[in-house]
Structures are given as C-alpha cells and as structure tokens.
Amino acid sequence: ITGSEIPGFLALFFDDENSDIDVEHRAMAVFINASTQPQSYRSHLLADRQWQWPAEFGPAQDPTLNQATWQADGSFVVPARSVMVLEEPR
C-alpha cells in the first residue's frame with residue numbers, strides 16, 4: 001500500500017476480487033508495527049470494507065490488539081510492537 005513512510009511500520013494489502021485464490025475471503029490486510037508507539041494509518045484502498053479478526057489472530061491471541069481500531073474511512077490504529085491481521089469475507 002502506498003502512503004507516507006513510517007519507520008518500523010509496514011502495511012500490506014491483498015485483494016482477491018475474482019476468487020482466484022480464496023473462495024471464502026475477498027481481502028486481507030496485515031499491519032506490522034515494530035515501533036514503540038501506536039501508529040495511525042489511512043488508505044482509501046481499505047475503506048468501506050467489512051474487516052474482521054481472523055480466528056487465528058486478534059485480541060484472543062494477543063491482548064495488545066484490544067487497543068487496535070479501524071474505521072469505515074480506511075483509518076487504522078495499530079498498537080506498538082504488534083502484528084494486526086484483518087480479513088474481509090466474501
């Protein structure tokens with residue numbers, strides 16, 4: 001995903017619009033925050049989607065992610081020193 005560069009922060013977006021790879025999920029977003037501070041990120045590519053935590057990731061596995069947030073406008077807050085994975089079902 002393009003945008004401003006934030007040291008220690010990486011945002012990845014995978015879109016399977018045509019069901020070529022995964023028939024159950026349309027998209028996946030991965031945020032890696034290696035910094036010591038929460039990071040905010042916004043992208044129009046991630047807006048107006050039905051993001052949810054996958055069963056394998058989320059606050060149940062990493063309580064730090066209770067501090068994570070996302071909004072319909074494509075804004076995300078990723079806690080410090082965390083990996084945030086979200087999926088969008090079909």
| request: Quick one: do M84 and L65 satisfy side-chain contact (heavy atoms from CB on, under 4.5 Å)? Show the steps, please. | output: CA-CA 7 Å; M84 181 174 161; L65 293 174; 4.2 Å; yes
Sub-4.5 Å side-chain heavy-atom contact between [X] and [Y]:
{"X": "F13", "Y": "L46", "value": "yes"}
{"X": "F14", "Y": "V30", "value": "yes"}
{"X": "V83", "Y": "F31", "value": "no"}
{"X": "D15", "Y": "R26", "value": "yes"}
{"X": "Q52", "Y": "Q50", "value": "no"}

Looking at every heavy atom in both [X] and [Y], which two are closest together, and how far apart are they?
{"X": "S35", "Y": "P7", "value": "CB-O, 4.2 Å"}
{"X": "F57", "Y": "W53", "value": "O-CB, 3.9 Å"}
{"X": "A55", "Y": "Q61", "value": "O-NE2, 3.4 Å"}

| field | N/O donor-acceptor pair under 3.5 Å between N33 side chain and P79 backbone | value |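 Yes; at least one donor-acceptor contact below 3.5 Å.
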| Does D62 use its side chain to pair, donor to acceptor, with the backbone of P59 at less than 3.5 Å? |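 Here the side-chain-to-backbone pair does not exist.
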| Is there a side-chain contact (heavy atoms from CB on, under 4.5 Å) between Y41 and V78 once you walk through the steps? | CA-CA 8 Å; Y41 184 82; V78 183; 5.7 Å; no
| task | List for me each residue that meets side-chain contact (heavy atoms from CB on, under 4.5 Å) alongside S40, sequence neighbours excluded, and say none if there are none. | result | V77
| Candidate pair I32 and F9, rule side-chain contact (heavy atoms from CB on, under 4.5 Å), full reasoning | CA-CA 6 Å; I32 302 169; F9 185 79; over 6 Å; no
| task | List in chain and number order the residues that pass salt bridge (charged side-chain N to carboxylate O under 4.0 Å, His left out) with E87, two or more places apart in sequence or in another chain; answer none if no residue qualifies. | result | none
| field | Q39 CD to S82 OG distance, which is reported to the nearest 0.5 Å | value |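 With rounding to 0.5 Å, CD (Q39) is 10.0 Å from OG (S82).
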| query | In Å and rounded to the nearest 0.5 Å, what is the CG to CD distance from D16 to E88? | reply |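 Going from the CG atom of D16 to the CD atom of E88 covers 11.0 Å.
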| F76 and W51 aromatic ring geometry - parallel, tilted or perpendicular at 30°/60° bounds | perpendicular
| Steps toward side-chain contact (heavy atoms from CB on, under 4.5 Å) verdict (D73, R42) | CA-CA 8 Å; D73 69 353; R42 184 175 178 187; 3.6 Å; yes
